[in-house]
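For reference, the structure discussed in these notes is given below.
Because the structure is predicted, anything quoted here is derived from the model rather than measured. These values consider heavy atoms only, across backbone and side chains, with no hydrogens, waters or symmetry-generated copies.
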Amino acid sequence: MSDFKPSDEAQAAEIVAWAAAENQTLEIFAGGSKRALGRPPRADHRFDLSLFCGIVDYEPAELILTAKAATPMAEIEAQLEAKKQMLAFEPPDWRGLLGCGGEPTLGGALACNLAGPRRVRAGSARDFFLGFAAINGWGEPWKAGGKVVKNVTGYDMCKLQAGAFGSLSALTEVTLKVMPKPETACTILLHSLADEIAIPQLSRALNTPFEVSAAAHLPAQAARRSKVAAVADGLGAVTALRLEGPAPSVAFRVEAIEQLAGHGTRLDADETARLWTEIGQVRPLLRPGSGCVWRLCPAPSAAPAVASALRSRFASAEVFYDWGGGLIWLSLDTQEAGSDGGAAKVRAAMAQAGGHSTLVVAPDALREAVPVFEPLAPAIAALSQRVKNSFDPRGVFNPGRMQEGR
């Protein structure tokens, strides 16, 4: 395997054109923090874009930021923090979960469409992705979108690239919308609720006009692993609701939510930040050594039933809930999960409830043998292949990263 490390767009385009002409494949690589996400890389060469780094333009008054795709997330967040702004989709740091080093990059977060606990209120990464420059599978530089929010005429290419895991184009520059950082935050903790009671409570809170920005439920095992004392030292399970904004508004809304959901423990802004960072990172709340970790997205109302079904099928199953029940993190012992990582039972439970599942953590051999992402219906798979052929007809970029053979 060779490493190609272009320093500008012209060099990058030349490398891709060569690969297309010679039927060679490229693994798009920058920070390396997400190499273990998806199916294992199986490309002929590594296409290192880490030199495409740096903020190109930042307009705080317009809430617009443009940066090279390999710009480290830490650099982006530092610049935004200086202007009391933030990335609204709260990109999670999964290095501990995936067992990877490297630096998370802005382009990687967008290409994988990652979003943290604020997803339930603000939306996903793709919802803030305004424009980009990229190189297609022929080695042709191209652009889409721009620096204004309402700029879409025709196809919204940003939403197509977000979540494609670099299988359509190699992003070199991205533009996105940023948001003001809340003045303060408070989290309400409700203690000892069963899953079947906690999830409807979260749904009711999210459906109020009081703008709950994150909603999670940690069963007792997960809660005990938290580094936030009020969570770990509480009475078993913990149900958490976050409110953010100007201090007077947060104080009023906290009182209103407590009248609806019941009074509990309150976390201040610093404790709130620590708790929701843990929830976004996932790993701190899972059993140490969990061999297989699944990310399940059912209808929130069905989440307790899905978790109950999986606990009945796997003695080692542990879960916790984010996004008001719309996201379940499931950990399994590798030996009990079996040769398919528990895929048959997990997906059978999800099929009854509706939704989709992703195998996030497992040994390389298992992630290669089992569909990591939800298997596509034949018509959707055919459409997906036509889209892939339009951007990368020779299959140069990240072969097999999402689906076997594609």
Side-chain angles (χ1 to χ4, degrees), residues 63 65 73 77 80-81 84-94 109-110 112-130 149 158-159 162-163 176-190 198-218 238-261 264 266-269 271-282 285 295-301 303 320-329 355:
L63 300 175
L65 182 143
M73 196 66 71
E77 291 173 345
L80 293 175
E81 178 70 27
K84 297 183 179 181
Q85 295 183 348
M86 66 179 186
L87 295 171
F89 55 94
E90 202 169 9
D93 183 348
W94 283 358
L110 292 171
C112 298
N113 194 35
L114 298 187
R118 197 175 284 108
R119 167 70 172 82
V120 71
R121 172 62 62 184
S124 65
R126 62 164 50 99
D127 297 309
F128 299 89
F129 194 5
L130 301 181
V149 175
C158 294
K159 287 185 169 57
L176 69 163
K177 181 182 179 183
V178 300
M179 298 293 287
K181 189 172 183 178
E183 177 186 332
T184 191
C186 178
T187 295
I188 303 168
L189 302 181
L190 306 176
I199 300 306
Q201 285 278 51
L202 295 179
S203 295
R204 281 194 290 272
L206 287 166
N207 285 320
T208 67
F210 303 122
E211 298 183 354
V212 173
S213 69
H217 176 66
L218 311 181
V238 170
T239 306
L241 295 160
R242 182 178 66 186
L243 296 104
E244 300 174 301
S249 171
V250 169
F252 171 80
R253 288 183 286 128
V254 165
E255 292 284 352
I257 289 294
E258 286 184 334
Q259 289 181 17
L260 172 72
R266 295 184 187 181
L267 301 183
D268 63 19
E271 291 174 317
T272 289
R274 284 195 292 273
L275 174 61
W276 293 100
T277 296
E278 285 182 340
I279 292 172
Q281 290 177 346
V282 183
L285 303 177
R295 183 176 183 263
L296 315 177
C297 293
S301 60
F320 75 87
Y321 307 80
D322 199 358
W323 301 356
L327 171 60
I328 302 175
W329 286 101

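Minimum interatomic distance between Q85 and V178 (heavy atoms only, all atoms of both residues): OE1-CG2, 3.4 Å. Taking each heavy atom of I279 and A216 in turn, the nearest pair found is CD1-CB, 3.9 Å. Nearest heavy-atom pair across G325 and P298 is O-CG, 3.9 Å.
With rounding to the nearest 0.5 Å, the separation of CD1 in I257 from SG in C186 is 11.0 Å. A distance of 11.0 Å separates CE of M179 from CG of L87, quoted to the nearest 0.5 Å. Taking CZ of F128 as the reference point, atom SG of C158 lies at 13.5 Å (rounded to 0.5 Å). Taken from CH2 in W276 to OG1 in T187, the straight-line distance is 6.0 Å, to the nearest 0.5 Å.
Residues T239 and L189 have side chains not in contact (no heavy-atom distance under 4.5 Å, counting atoms from C-beta outward). Between R266 and E258 there is a side-chain heavy-atom pair separated by less than 4.5 Å. Between V120 and V212 there is no side-chain heavy-atom pair separated by less than 4.5 Å. P117 places none of its side-chain heavy atoms less than 4.5 Å from the side chain of L327. Counting heavy atoms from C-beta on, the side chains of F210 and V254 never come closer than 4.5 Å. Two residues are said to be in side-chain contact when any heavy atoms from C-beta on lie closer than 4.5 Å; R253 and E211 meet this criterion. Looking at W323 and C297, their side chains come closer than 4.5 Å, going by heavy atoms from C-beta outward. Residues L202 and H217 meet the side-chain proximity criterion, which asks for heavy atoms closer than 4.5 Å.
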Note to self: Before you tell me yes or no, could you show the steps for D127 and F89 under side chain to side chain contact (heavy atoms under 4.5 Å, CB included), namely the whole-Å CA-CA distance, both residues' side-chain angles and the distance that decides it to 0.1 Å?
What the structure shows: CA-CA 8 Å; D127 297 309; F89 55 94; over 6 Å; no
Next item on the list: Any chance you could lay out the side chain to side chain contact (heavy atoms under 4.5 Å, CB included) test for I188 and L190, step after step, and finish with the verdict?
Entry: CA-CA 7 Å; I188 303 168; L190 306 176; 4.1 Å; yes
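Judged by distance alone, with hydrogens and angles left aside, the side-chain atoms of W329 form no donor-acceptor pair with the main-chain N or O of D322 at under 3.5 Å. When atom types are taken as modelled, the side chain of N207 and the backbone of S203 share a donor-acceptor pair closer than 3.5 angstrom. Side chain of Q201 to main chain of A261: a donor-acceptor pair is present (N/O by atom type, distance under 3.5 Å, no hydrogens or angles). T272 places a side-chain N or O within donor-acceptor distance of the main-chain N or O of D268, the cut-off being under 3.5 Å. The backbone N or O of A162 sits nowhere less than 3.5 Å from a side-chain atom of N113 that would complete a donor-acceptor pair.
With respect to E90 and R119, no salt bridge is recorded, no charged nitrogen being found less than 4.0 Å from a carboxylate O. Under the 4.0 Å criterion applied to side-chain N and carboxylate O atoms, R118 and E244 are assigned as salt-bridge partners.
When only modelled atom types and interatomic distance are considered, T208 and R204 share no side-chain donor-acceptor pair under 3.5 Å. A donor and an acceptor atom, one from each side chain of R242 and S213, are located under 3.5 Å apart.
Not counting sequence neighbours, K84 has no partner by the side-chain hydrogen bond (donor to acceptor under 3.5 Å, both in side chains) test. Judged as a side-chain hydrogen bond (donor to acceptor under 3.5 Å, both in side chains), and not counting sequence neighbours, R274 has no contacts.
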